**Q** 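Below is one structure. I have some questions about it.
Because the structure is predicted, anything quoted here is derived from the model rather than measured. All heavy atoms count here, side chains included; hydrogens, waters and symmetry mates do not.
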Amino acid sequence: MNTIYVYHLHTHTAKGLPSSFFACLRDQDWTHIHAARQPAQQQIRQLAYASAYHLLAHHNQLSPAALQIQPDAYGKPQARFNRDVALPYFNISHSHELISIAVSSQAVGVDVEHLSPAADTTLLAQHFCPEADATAVEGAGFFAYWTSKEAVLKAHGNGLRTDPAELQLLPPASHFQSLRRSPPALGLQQHQVSLCPAPDSYCCAVASSLAAPLLQATCLQTEQLHRLLH
């Protein structure tokens, strides 16, 4: 299966969900949730993790009880199942009031960023996007490059342990394309990245090593999350 499914949900959707929606969370999940210092961040992690459980269970036609989410050696959350499944990989991103979750048959990375009008990205663009023309990384253009680079590094599993400036991209586009250049040691030759449709005031990108990947993006409302319980 070469479709990557991306789900966007606003953090306020948690208010309309029953406690049974969060019953899938395990002890290790609550440990991760409570590691966040602020109650608001704890609520975001709680919603993100519970939604990931239900989406993985939905796509693989099993109960959330049949899987566990555990960190890998780099701290990246991974799903462990009690049998072989078609879509075992997922990734989570959060910015401002939006959570984005990607589900895929291969390792996947998703990154979402809020387009703050007050953000001055000039110096960030000079460091992190040296391959881009200055006009291409003004305003929202910077976030297209940033989310694309972070999505690639999250798909690889290395996260920001690698300086995003070491990745050189083609101008970000709404279709999957290979990287222009990357450190050979990272083995990113097969990775592709695409911008992903997202709600207004957000920029999102998705990356994977899937061959000829397709992208399906959905904004989930409270009633749709409710239906995942059944």
**Q** Looking at Arg80, is its backbone amide N or carbonyl O close enough to the side chain of Gln68 to form a donor-acceptor pair, meaning the two atoms are under 3.5 Å apart?
**A** no
**Q** What closest approach, in Å, do Ala165 and Pro130 show between heavy atoms, and which atom pair accounts for it?
**A** O-CG, 4.2 Å
**Q** Treat each ILVMFWY residue as a node, draw an edge where side-chain heavy atoms are under 4.5 Å apart, and state whether Leu170 and Val193 are in one component.
**A** no
**Q** Is a side-chain donor or acceptor of Tyr145 paired with a backbone partner of Ala136 at a separation under 3.5 angstrom?
**A** no
**Q** Any side-chain heavy atom of Lys76 sitting closer than 4.5 Å to one from Asn91?
**A** yes
**Q** Does some side-chain heavy atom of Trp30 sit less than 4.5 Å from a side-chain heavy atom of Gln46?
**A** yes
**Q** Check whether any side-chain heavy atom of Ser104 sits under 4.5 Å from a side-chain heavy atom of Val206, and report yes or no.
**A** no
**Q** Is the backbone N or O of Pro171 less than 3.5 Å from a side-chain atom of Gln177, with the two atoms forming a donor-acceptor pair by type?
**A** yes
**Q** Over all heavy atoms of both residues, which pair between Pro88 and Ala79 is shortest? Give the atoms and the distance, please.
**A** O-CB, 3.6 Å
**Q** Considering only heavy atoms from C-beta outward, does the side chain of Leu188 approach that of Leu167 to under 4.5 Å?
**A** yes
**Q** Please check this pair: side chain of Arg181 against backbone of Glu166, looking for a donor-acceptor N/O pair closer than 3.5 Å.
**A** no
**Q** Step through the shown structure and confirm whether more than 12 heavy atoms of other residues, nucleotides or ligands are within 6.0 Å of CD on Gln61.
**A** no
**Q** Report yes if the side chains of Cys24 and Tyr49 come closer than 4.5 Å at any heavy-atom pair, otherwise no.
**A** no
**Q** Check the hydrophobic clustering (I, L, V, M, F, W, Y; side-chain heavy atoms under 4.5 Å; chains of links allowed) and say if Leu47 and Leu67 are grouped together.
**A** yes
**Q** Write out all pairs satisfying salt bridge (charged side-chain N to carboxylate O under 4.0 Å, His left out) with one or both partners inside residues 128-141, taking only residues at least two apart or from two chains.
**A** Glu131-Lys149
**Q** Using a cut-off of 6.0 Å, state whether more than 12 heavy atoms not belonging to Asp72 lie near its atom CG.
**A** yes
**Q** With hydrophobic residues grouped by side-chain heavy-atom distances under 4.5 Å, do Val103 and Leu210 end up in a single group?
**A** no
**Q** Same cluster for Ile4 and Leu220 if Ile/Leu/Val/Met/Phe/Trp/Tyr side chains link at under 4.5 Å?
**A** no
**Q** With a 4.5 Å limit on heavy-atom distance, are the side chains of Ile69 and Asp29 in contact?
**A** yes
**Q** Is there a path of hydrophobic side-chain contacts, each under 4.5 Å between heavy atoms of I, L, V, M, F, W or Y residues, that connects Leu9 with Leu56?
**A** yes
**Q** Between His94 (side chain) and Gln41 (backbone), is there a donor-acceptor pair under 3.5 Å?
**A** no
**Q** Under 4.5 Å between any side-chain heavy atoms of Glu150 and Phe128, yes or no?
**A** no
**Q** Between Asp111 (side chain only) and Ala205 (backbone N and O only), is there a donor and an acceptor less than 3.5 Å apart?
**A** no
**Q** Donor-acceptor check, side chain of Asn60 to backbone of Leu62, threshold 3.5 angstrom: yes or no?
**A** no
**Q** Using side-chain heavy atoms (C-beta onward) and a distance below 4.5 Å, is Arg45 in contact with Ile92?
**A** no
**Q** Please list all pairs meeting side chain to side chain donor-acceptor pair (under 3.5 Å) that have one or both residues in residues 2-25, counting only residues at least two apart or in different chains.
**A** Tyr7-His59, His8-Ser100
**Q** Hey, which of Leu229, Ile101, Leu225 is the one that makes side-chain contact (heavy atoms from CB on, under 4.5 Å) with His54?
**A** Leu229
**Q** I'd like to know if the side chain of Ser209 and the backbone of Gln190 have a donor-acceptor N/O pair within less than 3.5 Å.
**A** no
**Q** Is the ring pair His114/Tyr202 parallel, tilted or perpendicular, if the boundaries are 30 and 60 degrees?
**A** tilted
